[in-house]
> 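Below you'll find the structure I mean.
Naming: A, B, ... by sequence-line order, numbering from 1 per chain.
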There are 2 protein chains.
Amino acid sequence: MTTQGNDKSTANNFPAGEGPSASGTSHAKRGPSIADVARAAGVSAQTVSRVSNGHSNVEDGTRIKVQDAMRRLGYRPNGAARALKSGQFKSIGVIMFTLSSHGNMKTLDAIARAASDSGYSISLIPMPDPASSKFPAAYNRLREQQVDGVIIVFDAHLTDRADIILPEDLPTVVIDSKPDRGYIMVDTDQGGGAQQATEHLLSLGHANVWHIGGPQASFSASHRAGAWRLTLNTAGVTPPEVIYGDWSTESGYQAGLELGSRPEVTAIFAANDHMALGAMRALHELGRKIPRDVSVVGFDDLDEASSFWPPLSTVHQSFRTVGRLGLELLLTQIAGGQAPDSNWVPTRLVVRESTSAPSTPGG
Amino acid sequence: MTTQGNDKSTANNFPAGEGPSASGTSHAKRGPSIADVARAAGVSAQTVSRVSNGHSNVEDGTRIKVQDAMRRLGYRPNGAARALKSGQFKSIGVIMFTLSSHGNMKTLDAIARAASDSGYSISLIPMPDPASSKFPAAYNRLREQQVDGVIIVFDAHLTDRADIILPEDLPTVVIDSKPDRGYIMVDTDQGGGAQQATEHLLSLGHANVWHIGGPQASFSASHRAGAWRLTLNTAGVTPPEVIYGDWSTESGYQAGLELGSRPEVTAIFAANDHMALGAMRALHELGRKIPRDVSVVGFDDLDEASSFWPPLSTVHQSFRTVGRLGLELLLTQIAGGQAPDSNWVPTRLVVRESTSAPSTPGG
DNA sequence: CCGTGGTGCCCCTAGTCCCTA
DNA sequence: CTAGGGACTAGGGGCACCACG
């Protein structure tokens with residue numbers, strides 16, 4: 001008789017007379033559970049579970065009764081309980097260092113959409129501090145949340161990550177241009193893009209191509225610079241010295257002031273659109289016409305690039321494809337499959353009005 | 001011998017003889033549980049729980065033993081089990097319509113950082129389709145994930161959302177400029193910003209200020225246009241007709257071509273920086289000097305705005321503050337508190353080089 | 001053999017009980 | 001005797017497994 005429980009509210013008797021419901025957790029509103037639905041439909045909880053998971057061996061009449069009860073009560077399966085039972089949460093963690101960059105945002109967008117399509121949700125962990133010391137903490141937080149896998153988006157701006165160690169017990173995909181250590185990586189084909197840009201300028205008749213590089217410690221930047229150098233060498237041209245920026249428009253501006261003051265400079269390949277924008281501003285100020293006096297090519301193809309003055313010729317990279325592919329590779333791993341280690345997404349040169357043949361013969 | 005368990009791991013005998021551990025869920029790698037830690041440390045599971053939750057009544061020696069065992073085993077509390085027990089998952093759902101806008105991204109960044117600081121994680125649901133029909137599905141997915149609250153970021157670009165109904169049983173904050181229906185909202189003070197921009201141009205001596213507006217169905221856009229109109233009226237100036245764009249640089253370019261061809265136009269206030277950029281491109285093409293012939297003010301203060309040609313005077317809005325405040329209001333609700341309905345975050349005018357006094361007397 | 005109901009367990013923590021100093 | 005601290009138990013919601021008609 002102690003646990004008589006003809007309805008739900010029973011199942012434990014309180015020794016002290018106090019009302020049980022007023023104990024602390026008043027704000028945690030719990031929705032209807034599988035048991036409530038079962039009671040309302042006049043079936044057992046297991047049958048409700050079967051309906052909810054689309055199992056086949058349920059009579060049509062029963063199924064309809066149950067679905068009706070679910071709708072009436074506004075039942076939603078409890079993901080936490082499901083995760084506890086199954087060990088899978090249908091959720092993936094995304095670690096990002098900053099959202100305030102065009103590429104990261106696009107990538108995140110693509111990951112989120114692809115995940116949503118696959119029935120996964122995204123748990124986002126921002127890492128304001130690129131210090132590797134904070135890294136394990138982020139990983140641990142994701143593990144606590146029972147994520148099934150992790151995508152790490154290393155920012156192109158991030159420089160020092162030599163000592164970041166990835167745990168091996170959680171499927172992981174890294175979006176970054178540093179293929180080693182045996183993890184799965186995806187990134188834009190930085191080298192291919194830089195080659196396209198450089199070849200474009202050479203084919204227009206420029207005798208040489210100057211390069212405004214990203215920070216030397218950045219892998220994407222060094223890939224771009226390396227391919228630029230190789231392309232020039234292949235064409236029999238001696239690469240001039242690189243002017244290094246830090247990806248910002250301001251650093252591009254500084255580099256532009258320096259290059260613009262040298263009359264032999266007729267073609268500039270900037271490692272990203274922001275620096276290209278800054279360089280163009282410097283060229284404007286120096287009175288050098290674009291593209292008549294100097295041609296400029298960027299890298300990224302920002303949405304605004306077509307509205308720069310003049311509209312910027314640039315290398316388009318598909319962050320969408322990178323994000324989608326990253327998720328795909330992660331799901332493959334989660335399913336226990338083998339994914340290829342290094343994955344490069346091709347770029348596309350977009351020619352606009354910041355490039356033309358040189359008006360004066362170079363050199 | 002089957003389950004001999006001479007130590008505490010016992011407590012249940014398996015009816016069928018099968019080994020219990022080998023049952024089916026092979027792919028779901030489960031980490032060490034509280035029981036494993038307890039066994040390793042030679043204490044009970046409850047003591048481990050107390051240590052892990054920082055309760056006070058644990059002897060120092062015991063605590064250290066337990067923490068040591070945790071570290072050795074790489075133990076992480078299981079968030080799903082915790083959520084199941086407590087009803088709170090320390091997780092916030094964020095519904096966004098697009099990440100591909102500067103403002104949304106900044107806002108998300110701010111929300112994510114603030115949430116992280118408060119020990120909450122972010123579950124991101126993208127809504128590619130602004131159709132309201134998809135809306136309940138997104139909400140349901142979040143509810144399944146046991147989120148403690150929801151932040152909805154309505155995109156400024158989104159037009160028709162008349163029939164989106166917010167559930168009442170989950171704390172919700174809306175980031176948008178449409179204060180009604182009794183939900184909690186936060187947004188930039190659109191009107192105040194537009195007023196600052198307009199007053200700036202008037203105070204420079206311009207006889208009138210033309211406006212390139214955002215889409216008419218956008219609340220932020222109509223707030224900005226309304227305040228611009230009111231400011232002109234207050235100054236005794238009859239507002240000219242608005243040229244409507246769709247926030248894109250291209251639409252700004254079109255508007256710029258139209259306004260730039262009219263010699264009486266000496267001052268333009270564009271409803272966002274992208275349209276201002278497009279308009280400036282049109283003015284360049286038409287040969288009208290900025291700011292000598294025409295002054296231009298934008299709205300947003302994009303990072304690149306200082307590198308536009310010329311550097312753009314614009315209204316700075318703090319997405320960071322909006323995001324942070326939104327999260328704060330949500331946490332207040334989750335804690336059962338009362339949050340103010342309408343919250344406006346002030347703007348700041350940033351004067352750069354795209355504005356000056358008119359060189360010729362207007363009109 | 002199919003459809004249904006009953007039981008145990010996923011992991012954690014609140015509350016209570018019990019032991020020791 | 002009290003007080004402090006460790007151990008035990010009971011679910012929280014859902015689903016795999018078996019038993020049963």
> With a sphere of 6.0 Å drawn around CZ of B:Arg63, does it hold more than 12 non-hydrogen atoms of other residues, nucleotides or ligands?
yes

> From CG of A:Asp60 over to C1' of C:dT4, roughly how many Å is that when rounded to an integer?
15 Å

> Can you tell me if the side-chain N/O atoms of A:Thr62 get under 4.0 Å from OP1 or OP2 in C:dT4?
yes

> What integer distance in Å separates A:Arg39:CZ from C:dG5:C1'?
15 Å

> With a 4.0 Å limit, can you tell me whether B:Asn78 has a side-chain N or O closer than that to the phosphate oxygens OP1/OP2 of C:dC12?
no

> Between P on D:dC17 and CG on A:Asn57, what's the gap in Å once rounded to a whole number?
13 Å

> Taking only side-chain nitrogens and oxygens of A:Ser33, does any of them come within less than 4.0 Å of OP1 or OP2 of D:dG12?
no

> If you look at every heavy atom in A:Met127 and A:Ala138, which pair is closest and at what distance?
SD-CB, 3.6 Å

> Could you state the CD-P distance from B:Gln88 to C:dC12, rounded to the nearest angstrom?
18 Å

> Provide, to the nearest angstrom, the distance between the CD atom belonging to A:Gln145 and the C1' atom belonging to C:dC11.
16 Å

> Over how many whole Å does the gap from B:Ile34 atom CD1 to D:dC8 atom P extend?
14 Å

> Would you check if the distance from the ring center of B:Tyr183 to the ring center of B:Phe154 is below 6.0 Å?
no

> Search all heavy atoms of A:Ala110 against all heavy atoms of A:Arg324 and return the closest pair with its distance.
CB-N, 4.1 Å

> Looking at A:Thr172 and A:Leu170, would you say the former's side chain and the latter's main chain have a donor-acceptor pair under 3.5 Å?
yes

> When the nearest nucleotide of DNA chain C is assigned to B:Tyr75 and to A:Glu59 on a heavy-atom basis, which residue is associated with the more 5' position?
A:Glu59

> Please report the distance, rounded to the nearest Å, between CZ in A:Arg63 and C1' in C:dC2.
13 Å

> So, is B:Arg82 close to the C:dT13 phosphate, meaning a side-chain N or O under 4.0 Å from OP1 or OP2?
yes

> Taking only the side-chain heavy atoms of A:Ala81 (C-beta and beyond), determine which of D:dA7, C:dG5, D:dG13 contains the nearest atom.
D:dG13

> What's B:Val48 touching, base or sugar-phosphate or nothing? Going by heavy atoms closer than 4.0 Å.
nothing

> Quick one: is D:dG13 close enough that its OP1 or OP2 comes under 4.0 Å of any side-chain N or O from A:Ser49?
no

> Is there a Watson-Crick or G-U wobble partner for D:dC1 with both distances under 3.5 Å, and which nucleotide is it?
none

> For B:Gln46, which contact category applies under a 4.0 Å heavy-atom criterion: base, sugar-phosphate, or nothing?
base

> Distance check needed: D:dG14 C1' versus A:Asn53 CG, whole Å only.
9 Å

> Under 4.0 Å, heavy atoms only, any strand: does B:Val58 hit a base, just the sugar-phosphate, or nothing?
sugar-phosphate

> Taking the nucleotide of DNA chain D with the closest heavy atom to each, which residue, B:Lys85 or B:Arg50, is nearer the 5' end?
B:Arg50

